[in-house]
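A short write-up of the structure that comes next.
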Protein chains: 2
Amino acid sequence: MPARVTTLKELAAQLGLSITTVSRALAGHEQIALKTRQRVTEAARLAGYVPNTAARTLVSGRSGFVGMVLPIRGPNLVDSFLGEFVTGLGEGLVSHGSDLILAAAAQGQSELSVLRHVVESGRADGVVVTRIAEVDERLAYLRQRNFPFVAHGRLLDGDFAYHWLDTDGAHAFGEAFDMLYDLGHRHFGLVTISEPMTFRHLRQDGLAAAIARRGDPSVRLDVATAPRFDRGARTQAINRLLHAAERPTAIVALFDELALTVMEEAGRAGLAIPHDLSVIGFDNIAASAYAPPGLTTFDASIRQCAREIGEMLLTVIGDRPTTPLTRLVRPTLVSRASHGPAPTGRN
Amino acid sequence: MPARVTTLKELAAQLGLSITTVSRALAGHEQIALKTRQRVTEAARLAGYVPNTAARTLVSGRSGFVGMVLPIRGPNLVDSFLGEFVTGLGEGLVSHGSDLILAAAAQGQSELSVLRHVVESGRADGVVVTRIAEVDERLAYLRQRNFPFVAHGRLLDGDFAYHWLDTDGAHAFGEAFDMLYDLGHRHFGLVTISEPMTFRHLRQDGLAAAIARRGDPSVRLDVATAPRFDRGARTQAINRLLHAAERPTAIVALFDELALTVMEEAGRAGLAIPHDLSVIGFDNIAASAYAPPGLTTFDASIRQCAREIGEMLLTVIGDRPTTPLTRLVRPTLVSRASHGPAPTGRN
DNA sequence: CGCACCATTTAAAACGTTTGCAATTTCTCT
DNA sequence: AGAGAAATTGCAAACGTTTTAAATGGTGCG
């Protein structure tokens, strides 16, 4: 390894040129003689010169970073998409040479305060916001701050324009209903969460809309609700559904974790899947492929979405488009063995 | 929201003080009068002032960031620990207010070049290196560069001192062998990968050592090897093991993904687990709990380890300890239903 | 030979912060 | 009141880069 040249100054001294010329040569300015440019580039390469990020950021106002807040939840709660999401985001950013900053929000610390810190400190040129709440203070802040961001998810009311990419959960849930209806199911269960996240709303509405479209008054929908991270309450709610006098023949869960719990509890109650009960989830997490008999679910291709989000954000940072970039991604059905025809006789 | 004050200069002007005083007051210097300190702090709070990271980094030489390279592999290959690891790391860093930088290495781009870029650009004060190879150019670079880092994993030969945290895979594999031996197993299979990662070496050595310790010449070990990311070759190697004239009664896999494939292929071959074949994995990924009959494996508590790595790295950055910080974490056995007594009759 | 013009290079300011040292103010004591 | 010490505050440089505006040197032409 050659002697390390840290700074432009050192490189300039070594070449007998001014800092300005070296800087411009490396930036490829036409006004610098081609021969000089080549000489400088070669010397920089040899010296392993990498421009100092802090200095460049300070003068240019661009850090080349994209930020994201990482909420730290209870000791055993890890966002099941984080790995995929971060990989996709990295993939989307790498072509422009941008890096990702993950700023952790400790338990109890508001996500907004961390977000503000990231934004106001100039650490990032833009941010990604995920898991949109029905009333989302982060979006409100970013908007009034006029800071570049892309949301993974939508607000319910389009009261202000912003850039987002969302999974079309409404469509998926409609598709799930139609499929189950065509298999003879009339009595449905929905397992959902109590938190005011917009994706919950959208998926439920998609289900309701599909039911309404069908216009069959014999269709019945029972809903079980529990807080997102309360495993006990979740199990309880699901069991109420499973042990009701009239049990649904098909249960749709807001996401796979819930669907897997449904399958577990159904097994415990002696119900065979899909013979006695059809179950459909959403997200296609790894475990869903392995949980017998294999969960039918929807794949939202998180990594691909995150990649697009990264690319969108780079566009937003670079071009500051005035019309919102929006993208609705339709999830694909992953048909496994947890759904089937409605049971014929009453059990 | 109050009018935004971005800079120290503006804040100083507003308070009728010099930049120096404001800076010192916010830093809590004793030499600034208490009353002034309080007045400044309050004004800063009100104005929502957050110091500019670039400027601070430039002058102090500390960025407050910890870096990590994120290798982008094939479209469907996501590091299964990434989510947990990143969460733990964030958790470890958050108390000191450090953020995490994830620099993606595009497919085909060398991880080292990205690491160099992160280091030389002054983006990070220290880095985390995972998945240590038997000959690891990243470690060599960081060492000669004398740059703070903590490795997740060990080199095989302790030829130079560095800071690391590792999972005691050798111990776990010994434990697995002992348990299976005591259950009557004598013919073992090992499913492993061909890449020269040190964790492979350590785990295999742990197994070999346990076998040697037992000193029973009737113990036999067959090894199936395949490239880490080649699913076809993996299946093939496993099937050679399963369909050998004399089939092992117990298979130990280097990690859960391999163990799950073993269970799948065993099922396909009509073998009942654990009746005909015991399988033990390593890592305790989410799917292992769901894959019937439930994979017995070892939990390495990645999140907790990553958290410790984060804390170690902050110590390394702050104190530059001369003696290496090392920590060997013993994984815990997660006993599920994929292992049992050796089959009595010969099949 | 001198002037204008072009190509190429450079000096200096700026970004926002921290910090060594100096300056100012306030206090204490005689 | 005045000197000296102590407490408090401020000036100015520095970090490494980009960029504006200006300087330098060379060439062709009259």
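Throughout, a chain's letter reflects where its sequence line sits, starting with A, and its residues are numbered from 1.
The six-membered or imidazole ring of Y162(B) lies near that of F160(B), with a centre-to-centre distance under 6.0 Å.
Looking at which nucleotide of DNA chain D each of A55(B) and V22(B) is closest to, the 5′-most match is held by V22(B).
Put simply, CD on E30(B) is 17 Å from P on dA6(D), counting in whole angstrom units. Going from atom NZ of K9(B) over to atom P of dA14(C) covers 9 Å, rounded to whole Å. One atom, CG of L26(B), and another, P of dT9(D), lie 13 Å apart when rounded to the nearest Å. In this structure, I32(B) atom CD1 and dT26(C) atom P are separated by 15 Å, rounded to whole Å. In this structure, CG of L8(A) is placed 6 Å from P of dT18(D), rounded to the nearest angstrom. Atom CG in L17(B) sits roughly 20 Å away from atom P in dA7(D) (whole-Å rounding). Atom CZ of R62(B) is separated from atom P of dC15(D) by 18 Å (rounded to the nearest Å).
In this model, the phosphate group of dG16(C) is not approached by any side-chain N or O of Y49(B) to a distance below 4.0 Å at OP1 or OP2.
Partners of S23(B) according to the side-chain hydrogen bond (donor to acceptor under 3.5 Å, both in side chains) rule, which considers only residues two or more places apart in sequence or in another chain, do not exist here.
D125(B) places a side-chain N or O within 3.5 Å of a backbone atom of S63(B) that can act as its donor or acceptor partner. A distance-only check finds a donor-acceptor pair linking the side chain of T198(A) to the backbone of R154(A) [under 3.5 Å].
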Protein and nucleotides 19-21 of chain C: nitrogen or oxygen contacts under 3.5 angstrom:
from: dT19(C); atom 1: O4; to: T20(B); atom 2: OG1; distance (Å): 3.2
from: dG20(C); atom 1: N7; to: R24(B); atom 2: NH2; distance (Å): 3.1
from: dG20(C); atom 1: O6; to: R24(B); atom 2: NH2; distance (Å): 3.0

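Residues L89(B) and A306(B) share a closest heavy-atom pair of CD1-O, 3.3 Å. Closest approach of F149(A) and R143(A) over heavy atoms only: CE2-N, 4.4 Å.
Comparing atom distances between the R56(B) side chain and each of dC15(D), dT17(C), dG10(D) picks out dT17(C) as nearest.
T36(B) comes within 4.0 angstrom of sugar-phosphate atoms only, judged by non-hydrogen atoms across all strands, and of no base.
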